[in-house]
**Student:** 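The following block contains the structure, expressed as structure tokens.
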Amino acid sequence: MNRTAMRASQKDFENSMNQVKLLKKDPGNEVKLKLYALYKQATEGPCNMPKPGVFDLINKAKWDAWNALGSLPKEAARQNYVDLVSSLSPSLESSSQVEPGTDRKSTGFETLVVTSEDGITKIMFNRPKKKNAINTEMYHEIMRALKAASKDDSIITVLTGNGDYYSSGNDLTNFTDIPPGGVEEKAKNNAVLLREFVGCFIDFPKPLIAVVNGPAVGISVTLLGLFDAVYASDRATFHTPFSHLGQSPEGCSSYTFPKIMSPAKATEMLIFGKKLTAGEACAQGLVTEVFPDSTFQKEVWTRLKAFAKLPPNALRISKEVIRKREREKLHAVNAEECNVLQGRWLSDECTNAVVNFLSRKSKL
Ligand SMILES: CCCCC/C=C/C(=O)SCCNC(=O)CCNC(=O)[C@H](O)C(C)(C)COP(=O)(O)OP(=O)(O)OC[C@H]1O[C@@H](n2cnc3c(N)ncnc32)[C@H](O)[C@@H]1OP(=O)(O)O
């Protein structure tokens, strides 16, 4: 039957609202905005809210979507809402068939899959559809997972990514949910979060290994300077486009990168945003070893399992001997980097870069 020829009842509308709540597969921002706008139009009529400010990105996008419906009658909006939800049914059906580990809650984490086996705790970034961008929830979950791993009976801890990316770095939508205190409060909260987050890596007591399965961007790259070993697929790339984003280095990279790869090479990466291949990153000392992508997982995990059979106390103590002289310095660097970034996040350069990405005008 042609659904557009009939009028959806209030009951149809309510059923559709319930169906939306059951969607496990994210339908994407565009569809969510359409649903929001149609819901508001169907229940309240034409947009009656004051236009939000330019920096209030999320509310501005919602307002735009609702306002774009003009004087569409409530009944038509209700029908369009019902039709749109019914067109999403494939994602409703497939929600029960999502592969384990693909955007599904696992072991108490929403954004990670954390497993412990063969003496190895594996913390896997699990937002593959968003290229494992690190949102606020994920920052908190990574800290929680690291704290648990530091106390569990595993010997080594591994970070890796699910899907084609290791991680695309900070989720740029982190800048959009502005608290009542405005953008200054947001920048301050982010600086506090970042300092605590990086601090967990500085203080992590067991061998910490990155298995870089694909491209890495921003903070997922800078943190590598705090890992004890970095294994990379030859598909991986390493990109820190801070200047392009109106931002500045973090993750202690302003200190670790010049030491690891020479000040001149660090400058190319951290200031000019040069993207390195896995081979180049290895030649410059950021990556321990590169493996062909076809054998990457097999070779790396065989090696890691052998490492995890070594005497745990010797591993811990050796790490402590190697790292302890630097710890105080690293905390001071971390504090300074967060402080500088707090200012950068309030700059026009940064705001424009984030707005351009979110409005799909730019990509790296
Ligand atoms: C609070 C502490 C702050 C700490 C400071 C940290 C700083 C950094 O990490 S700076 C680096 C920030 N990262 C970026 O600027 C990367 C932005 N992303 C991109 O340029 C591209 O997405 C890409 C090159 C990483 C991948 O391009 P492509 O293969 O064409 O894939 P899509 O762009 O279509 O991505 C799929 C999907 O994922 C969303 N997404 C990817 N990365 C991010 C991100 N970093 N933040 C937010 N969203 C991201 C992308 O928007 C797509 O979403 P949908 O359109 O909804 O499918």
Side-chain angles (χ1 to χ4, degrees), residues 25-34 57-58 61 91 103 111 125-143 161-179 183 185-201 213-226 235-254 269-271 273 275 334-335 337-347 349-364:
K25 203 167 159 192
D26 189 333
N29 288 341
E30 208 177 316
V31 172
K32 283 193 283 194
L33 279 174
K34 271 191 198 145
L57 293 169
I58 291 184
S91 68
D103 274 348
T111 64
F125 309 135
N126 191 33
R127 299 184 72 218
K129 288 184 203 118
K130 297 288 176 185
K131 309 292 180 192
N132 295 322
I134 309 177
N135 61 10
T136 305
E137 184 177 24
M138 193 155 158
Y139 283 109
H140 286 287
E141 291 197 346
I142 294 169
M143 289 194 277
N162 184 17
D164 60 343
Y165 261 63
Y166 175 67
S167 165
S168 62
N170 186 45
D171 189 313
L172 295 174
T173 65
N174 284 345
F175 292 111
T176 57
D177 58 327
I178 308 296
V183 284
E185 187 184 334
K186 181 74 200 173
K188 189 168 169 220
N189 293 346
N190 277 348
V192 170
L193 173 64
L194 180 62
R195 185 169 168 185
E196 191 190 350
F197 178 72
V198 174
C200 288
F201 287 82
N213 53 296
V217 184
I219 189 161
S220 74
V221 177
T222 55
L223 284 174
L224 297 175
L226 300 172
R235 252 185 7 90
T237 52
F238 299 82
H239 195 191
T240 50
F242 298 126
S243 301
H244 299 70
L245 293 166
Q247 298 185 39
S248 52
E250 26 62 354
C252 293
S253 58
S254 62
M269 262 194 103
L270 295 176
I271 302 184
K275 190 198 281 189
N334 182 26
E337 287 178 347
C338 293
N339 205 20
V340 172
L341 258 176
Q342 187 176 330
R344 287 277 81 215
W345 288 327
L346 296 172
S347 69
E349 289 177 346
C350 178
T351 307
N352 291 340
V354 172
V355 169
N356 281 343
F357 175 75
L358 295 177
S359 58
R360 299 293 180 267
K361 282 198 206 125
S362 77
K363 235 179 229 194
L364 294 175

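Note that the structure is predicted; figures quoted are calculated from it, not measured. Counting convention: from 1, in listed order, for ligands and their atoms alike.
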**Student:** Out of all atoms in ligand 1, which are within 4.0 Å of some heavy atom of Gly169? Include the element for each.
**Tutor:** 9 (O)

**Student:** Checking the side chain of Thr176 only, and the main-chain atoms of Leu57 only, is there a donor and an acceptor separated by less than 3.5 Å?
**Tutor:** no

**Student:** One residue to check: Ile134. Relative to ligand 1, which of side chain, backbone, both or neither has a non-hydrogen atom less than 4.0 Å away?
**Tutor:** neither

**Student:** Stepwise, does the side-chain contact (heavy atoms from CB on, under 4.5 Å) test hold for Thr237 with His239?
**Tutor:** CA-CA 7 Å; Thr237 52; His239 195 191; 5.5 Å; no

**Student:** If you look only at pairs with a residue in residues 186-200, which of them pass as a side chain to side chain donor-acceptor pair (under 3.5 Å), with sequence neighbours excluded?
**Tutor:** Asp177-Lys186

**Student:** Is it the side chain, the backbone, both or neither of Trp345 that has a heavy atom closer than 4.0 Å to ligand 1?
**Tutor:** side chain

**Student:** With the side chain counted from C-beta on, respond yes when Asp164 and Lys131 share a heavy-atom pair under 4.5 Å apart, and no when they do not.
**Tutor:** yes

**Student:** Once you restrict to heavy atoms under 4.0 Å, what part of Tyr165 touches ligand 1? Side chain, backbone, both or neither.
**Tutor:** side chain

**Student:** Is a donor on one side and an acceptor on the other found under 3.5 Å between the side chain of Arg235 and the backbone of Pro215?
**Tutor:** no

**Student:** Only heavy atoms of Leu245, strictly under 4.0 Å: list the atoms of ligand 1 that pass.
**Tutor:** 10 (S), 11 (C), 12 (C), 15 (O)

**Student:** Over all heavy atoms of both residues, which pair between Asn132 and Pro128 is shortest? Give the atoms and the distance, please.
**Tutor:** OD1-N, 3.3 Å

**Student:** Taking Glu337 for the side chain and Cys252 for the main chain, is one N or O donor matched with an acceptor at less than 3.5 Å?
**Tutor:** yes

**Student:** Can you check whether Leu341 has an N/O within less than 3.5 Å of an N/O in ligand 1?
**Tutor:** no

**Student:** Only heavy atoms of Ala133, strictly under 4.0 Å: list the atoms of ligand 1 that pass.
**Tutor:** 43 (C), 44 (C), 45 (N), 46 (N)

**Student:** Where the side chain of Ser167 meets the backbone of Ser220, is there a donor-acceptor pair that is under 3.5 Å apart?
**Tutor:** no

**Student:** Any nitrogen or oxygen of Val217, side chain or backbone, less than 3.5 Å from one on ligand 1?
**Tutor:** no

**Student:** Got a second to check how far Ile219's CD1 is from Gln247's CD, nearest 0.5 Å?
**Tutor:** 10.0 Å

**Student:** With a heavy-atom distance limit of 4.0 Å, tell me whether Lys129 approaches ligand 1 through its side chain, its backbone, both, or neither.
**Tutor:** backbone

**Student:** Check this for me - ligand 1, Asn170, N or O atoms closer than 3.5 angstrom, yes or no?
**Tutor:** yes

**Student:** Show me which atoms of ligand 1 lie under 4.0 Å from any heavy atom of Asn190.
**Tutor:** 1 (C)

**Student:** Answer side chain, backbone, both or neither: which part of Leu194 comes under 4.0 Å from ligand 1, heavy atoms only.
**Tutor:** side chain

**Student:** Does Tyr139 have a heavy atom less than 4.0 Å from any atom of ligand 1?
**Tutor:** yes

**Student:** Heavy-atom contacts under 4.0 Å between Ser168 and ligand 1: side chain, backbone, both, or neither?
**Tutor:** both

